[in-house]
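Shown next, in structure tokens, is the structure this report addresses.
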Amino acid sequence: QVQLVESGGGLVQAGDSLTLSCGSSRLTFSSYPMGWFRQAPGEEREFVAAISRSEINMAFGTSVKGRFTISRNNAKNTVYLQMNSLKPEDTAVYFCAASGKSGSYSITPTRATDYNFWGRGTQVTVSS
């Protein structure tokens, strides 16, 4: 069973920065567009960011645009989410995902249904 593993979550204060990482021992990341989603208690899963296979194209959710960046290191089979200027409303479980539904090098899927491989998530808590 393919498994993605997120790391780097934790408790931080508003205004702090945090970097999440996602890796896999079974999935070759270079073959997939990669994305990050988050889900707060009682809320639907929300798109955060995506990066294309080519690493050239990126997409961000409206609430994180300008504060978060996404990157990938295919040689290390790792994707990162750099989160700056964190706010209490960023508190959520953050999930890494890989989209195996298209071979395109340029797409940045933004819907959860576009992704078919998921991690179990890492908790990010931002205190005010």
Side-chain angles (χ1 to χ4, degrees):
Q1 182 178 357
V2 173
Q3 185 175 8
L4 307 181
V5 180
E6 303 93 341
S7 62
L11 172 63
V12 297
Q13 293 186 332
D16 285 351
S17 297
L18 200 62
T19 300
L20 306 182
S21 300
C22 172
S24 174
S25 60
R26 298 190 178 184
L27 198 65
T28 302
F29 280 10
S30 60
S31 298
Y32 304 93
M34 299 296 297
W36 287 95
F37 290 77
R38 68 186 183 186
Q39 189 166 17
E43 302 289 332
E44 294 187 353
R45 192 162 294 192
E46 176 189 12
F47 169 73
V48 175
I51 187 168
S52 64
R53 290 180 63 188
S54 67
E55 304 181 52
I56 295 175
N57 298 317
M58 288 168 273
F60 296 93
T62 303
S63 60
V64 306
K65 195 172 295 184
R67 298 187 298 123
F68 290 13
T69 59
I70 186 171
S71 61
R72 63 192 298 164
N73 185 326
N74 289 333
K76 294 185 176 181
N77 219 37
T78 303
V79 63
Y80 306 94
L81 183 68
Q82 173 68 42
M83 305 183 293
N84 299 321
S85 302
L86 282 162
K87 305 175 181 180
E89 49 264 44
D90 293 319
T91 295
V93 177
Y94 284 72
F95 298 90
C96 172
S99 174
K101 298 191 176 183
S102 171
S104 170
Y105 276 86
S106 63
I107 62 170
T108 52
T110 61
R111 300 175 303 177
T113 52
D114 291 329
Y115 292 82
N116 45 348
F117 302 111
W118 292 85
R120 294 184 178 182
T122 185
Q123 176 71 46
V124 173
T125 303
V126 184
S127 64
S128 57

Item checked: Of Leu81, Ile70, Thr110, the residue whose pairing with Val48 passes side chain to side chain contact (heavy atoms under 4.5 Å, CB included) -> Leu81
Next item on the list: Name all residues meeting the side-chain contact (heavy atoms from CB on, under 4.5 Å) criterion together with Gln123; count only those two or more places apart in sequence or in a different chain, and write none if there are none.
Entry: Thr91, Val93, Thr125
Note to self: For Tyr32 and Phe117, take the angle between the two ring planes, folded into 0 to 90°, and tell me which bin it lands in: parallel under 30, tilted 30 to 60, perpendicular over 60.
What the structure shows: perpendicular
Notebook entry, point to check: Between Pro109 and Ser99, which heavy-atom pair has the shortest distance, and what is it?
Noted result: CG-OG, 3.9 Å
Check: Are Val79 and Leu18 connected, step by step, through hydrophobic side chains (Ile, Leu, Val, Met, Phe, Trp, Tyr) whose heavy atoms are closer than 4.5 Å?
Finding: yes
Check: Ala92 and Ala40: which non-hydrogen atoms are nearest, and at how many Å?
Finding: CB-N, 3.9 Å
Check: Which atom pair, heavy atoms only, marks the closest approach of Gln39 to Glu43?
Finding: NE2-O, 3.0 Å
Next item on the list: Could you give me the CA-CA distance, side-chain angles and deciding distance for Thr19 and Gln82, then say whether side-chain hydrogen bond (donor to acceptor under 3.5 Å, both in side chains) is met?
Entry: CA-CA 4 Å; Thr19 300; Gln82 173 68 42; 2.4 Å; yes
Notebook entry, point to check: Can you tell me how far the CD atom of Gln13 sits from the OG atom of Ser127, to the nearest 0.5 Å?
Noted result: 5.0 Å
Item checked: Test item: Cys22 and Thr78 side chains (from C-beta on) under 4.5 Å apart, heavy atoms -> no
Next item on the list: Please check if atom NZ in Lys76 has more than 12 non-hydrogen atoms from other residues, nucleotides or ligands closer than 6.0 Å.
Entry: no
Next item on the list: For the residue pair Arg120 and Gln3, establish whether any side-chain heavy-atom pair is separated by less than 4.5 Å.
Entry: yes
Next item on the list: Would you mind reporting whether Leu20 and Trp36 have side-chain heavy atoms less than 4.5 Å apart?
Entry: yes
Next item on the list: Determine, using the 4.5 Å side-chain heavy-atom cutoff (strictly less than), whether Val126 and Met83 are members of one ILVMFWY cluster.
Entry: yes
Next item on the list: Drop me the distance from Ser7's OG to Tyr80's OH, to the nearest 0.5 angstrom.
Entry: 9.0 Å
Notebook entry, point to check: Phe29 and side chain to side chain contact (heavy atoms under 4.5 Å, CB included): which partner among Ile51, Leu4, Asn73?
Noted result: Leu4
Item checked: Value rounded to 0.5 Å, distance of CZ in Arg38 from CZ in Phe95 -> 12.5 Å
Checklist line | side-chain contact (heavy atoms from CB on, under 4.5 Å) partners for Ser106, two or more places apart | finding: Asn57, Ser104
Next item on the list: State, yes or no, whether a side-chain contact exists between Trp118 and Arg45 at a heavy-atom distance under 4.5 Å.
Entry: yes
Check: With no hydrogens and no angle check, is any side-chain donor or acceptor of Arg67 less than 3.5 Å from a backbone partner on Ser85?
Finding: yes
Note to self: Please say yes or no: joined through hydrophobic side-chain contacts below 4.5 Å, possibly via intermediate residues, are Val124 and Phe60 part of one cluster?
What the structure shows: yes
Check: Do Phe37 and Glu46 come close enough that some side-chain heavy atom pair is under 4.5 Å?
Finding: no
Checklist line | Close side-chain approach of Ile107 to Ser52, heavy-atom, < 4.5 Å | finding: no
Check: Is the shortest heavy-atom distance from the side chain of Phe68 to the side chain of Leu86 under 4.5 Å?
Finding: yes
Notebook entry, point to check: Between Lys87 and Asp90, does a salt bridge (charged side-chain N to carboxylate O under 4.0 Å, His left out) hold up when you go through it step by step?
Noted result: CA-CA 5 Å; Lys87 305 175 181 180; Asp90 293 319; over 6 Å; no
Next item on the list: Quick one: pull up CG in Asn77 and OG in Ser30 and give me the separation to the nearest 0.5 Å.
Entry: 7.0 Å
Item checked: Point-to-point distance, once rounded to the nearest 0.5 Å, from CE of Met34 to CE of Met58 -> 14.5 Å
